[in-house]
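Heads up: the structure comes next, in structure tokens.
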There are 2 protein chains.
Amino acid sequence: MLVYFWQMGRIKTTNNQLTRKEIIIEKAATLFKEKGFKAASMREIADVVGVEAASLYNHIKSKNELLNIICFGVANRYTHKMDEVEASKLSTLAKVESLLRFHIDGMINYFEEVYVSDREWKHLDNPYLSNMQNQRRTYRKRFAAIIEEGIKKKEIKKIDAATAVLIMLHAIGGIESWHRSTRKIIGKELEENMVTFLIDGLRKI
Amino acid sequence: MLVYFWQMGRIKTTNNQLTRKEIIIEKAATLFKEKGFKAASMREIADVVGVEAASLYNHIKSKNELLNIICFGVANRYTHKMDEVEASKLSTLAKVESLLRFHIDGMINYFEEVYVSDREWKHLDNPYLSNMQNQRRTYRKRFAAIIEEGIKKKEIKKIDAATAVLIMLHAIGGIESWHRSTRKIIGKELEENMVTFLIDGLRKI
DNA sequence: AAAATATACTAACATCTGTTAGTGTCAAAA
DNA sequence: TTTTGACACTAACAGATGTTAGTATATTTT
């Protein structure tokens with residue numbers, strides 16, 4: 001008589017209170033960050049999750065759905081924050097600073113998702129791709145509008161607003177894992193450094 | 001009687017004085033920029049070049065060789081510039097400004113290669129991968145050393161040098177094609193905007 | 001003109017890709 | 001206890017991938 005044993009361990013969900021789907025998304029985000037969306041395969045994701053590739057499809061519709069969820073999760077956070085900042089009564093420079101700190105915090109606390117969203121959104125497929133392009137364009141325009149208002153009110157130096165936005169967003173997007181995990185610079189300290197730099201520049205006054 | 005025609009048009013090399021290999025590299029760089037290294041296939045590159053995929057292998061050894069050439073071309077330019085700047089007698093702030101302008105010019109004049117080198121170097125394979133990691137680390141350290149000297153000489157504000165380098169390099173790396181081709185901001189003007197921002201910040205003094 | 005080299009072609013390969021079909025089992029609901 | 005739904009499995013697909021082999025032609029050298 002022959003007895004078959006085979007491991008059919010389910011994805012563990014007891015540790016955190018994440019659903020299985022959320023666990024998959026989390027692991028996928030890490031892999032997308034490390035190898036890029038195209039280079040990370042469903043079989044690799046499945047390996048990390050501890051499951052066969054086909055099993056992932058009990059939880060998600062496609063590989064691209066994973067990217068959709070990651071990217072739009074981040075984009076929606078951005079939009080909400082921008083709504084909030086626009087509605088606030090802060091000075092324009094304080095608005096800019098608030099957005100900067102928000103982005104830096106995001107980079108520190110949601111590194112994988114933000115990183116992936118920033119660098120891999122081009123692999124979205126339509127209609128999500130054009131949706132994302134619109135959201136990004138709109139966000140930058142709203143950001144630039146704040147700067148332009150600051151220039152008008154003489155709170156901000158007279159520079160090209162679009163360029164300033166580009167610089168700030170990319171500067172923050174450049175925070176890397178080694179930089180986050182380095183003992184010398186952590187969290188708040190990194191934040192202060194970046195804000196100081198971006199608001200006041202390099203030159204000693 | 002049956003007569004066969006088939007096009008065996010060679011890659012045209014008369015236009016510029018580029019070798020066929022250089023033409024392939026150029027087209028590959030554009031494609032790598034647009035789709036990413038992994039997503040761009042040899043067959044697509046061949047299409048753009050106007051040839052069958054297999055024919056590319058008369059000129060190059062592998063897809064990865066294309067990436068090697070692109071990435072190390074850029075890295076070597078960086079190293080040479082850094083040698084030159086270090087050897088100069090400029091003030092530290094002027095050294096930083098010189099490097100900034102060099103990077104911005106590079107982004108404008110060699111956009112595809114620089115962009116690809118910056119974002120796709122992770123797909124290099126060893127030993128090129130670790131070589132590139134070393135070159136990048138070394139470059140940033142040399143850049144940071146200039147800033148630290150500037151801080152010591154009280155020419156530069158007291159901030160974390162590594163963070164400053166990260167900010168500047170990524171801010172410049174964020175120049176995108178739409179931004180380059182926009183009528184409103186071109187070449188020198190973009191350069192002035194960025195240098196102003198990075199040296200003097202946003203705040204109006 | 002002949003020989004040699006460079007370079008294009010077609011055909012095919014082995015491997016990897018995302019994904020579906022079909023089946024069995026465990027946990028929760030009835 | 002029985003039923004049901006969630007979820008894991010194996011097997012396999014069709015298509016894309018980088019690359020090689022073998023061959024034919026165009027260009028350059030002799």
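Sequence lines set the chain letters: A, B, ... in the order given, protein chains first and strands last, and positions in each chain run from 1.
For the pair A:Glu52 CD and C:dG24 P, the interatomic distance rounds to 18 Å; values are reported in whole Å. Between the CD atom of A:Glu22 and the P atom of D:dC7 there is a distance of 13 Å, given to the nearest Å. Between B:Lys35 atom NZ and D:dA16 atom P the separation is 12 Å, expressed in whole Å. One interatomic measurement links the two molecules: CG of B:Leu56 to C1' of C:dA6, which rounds to 15 Å at whole-angstrom precision. In this structure, NE2 of B:His123 is placed 15 Å from P of D:dT17, rounded to the nearest angstrom.
Scored by the salt bridge (Lys or Arg N to Asp or Glu O under 4.0 Å) test, A:Glu44 finds A:Lys35 as partners (sequence neighbours excluded). Residues meeting the ring-ring contact (aromatic ring centres under 6.0 Å, His included) test with B:Phe32, sequence neighbours left out: B:Phe37. Every residue two or more places apart in sequence or in another chain that forms a ring-ring contact (aromatic ring centres under 6.0 Å, His included) with A:His103 is listed here: A:Tyr78, A:Tyr139. B:Thr138 meets the side-chain hydrogen bond (donor to acceptor under 3.5 Å, both in side chains) test with no other residue; sequence neighbours excluded.
At the phosphate of C:dA6, neither OP1 nor OP2 sits under 4.0 Å from any side-chain N or O atom of B:His59. A close approach under 4.0 Å does occur between a side-chain nitrogen or oxygen of B:Arg20 and OP1 or OP2 of C:dT7. Proximity of A:Ser55 to the phosphate of D:dC9: a side-chain N or O atom is located under 4.0 Å from OP1 or OP2.
Salt bridge annotation for A:Glu148-A:Lys152: absent, with no cationic side-chain nitrogen under 4.0 angstrom from a carboxylate oxygen.
Side-chain N/O atoms of A:Asn58 and base N/O atoms of D:dA8 include a donor-acceptor pair closer than 3.5 Å.
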Base-contact (B) and sugar-phosphate-only (S) positions in nucleotides 11-20 of chain C, heavy-atom cut-off under 4.0 Å, - elsewhere
BB----BBBB

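Sorted by first then second residue, the salt bridge (charged side-chain N to carboxylate O under 4.0 Å, His left out) pairs that include residues 60-84 of chain A, not counting sequence neighbours, are A:Lys21-A:Glu65, A:Lys81-A:Glu84, A:Asp83-A:Arg142.
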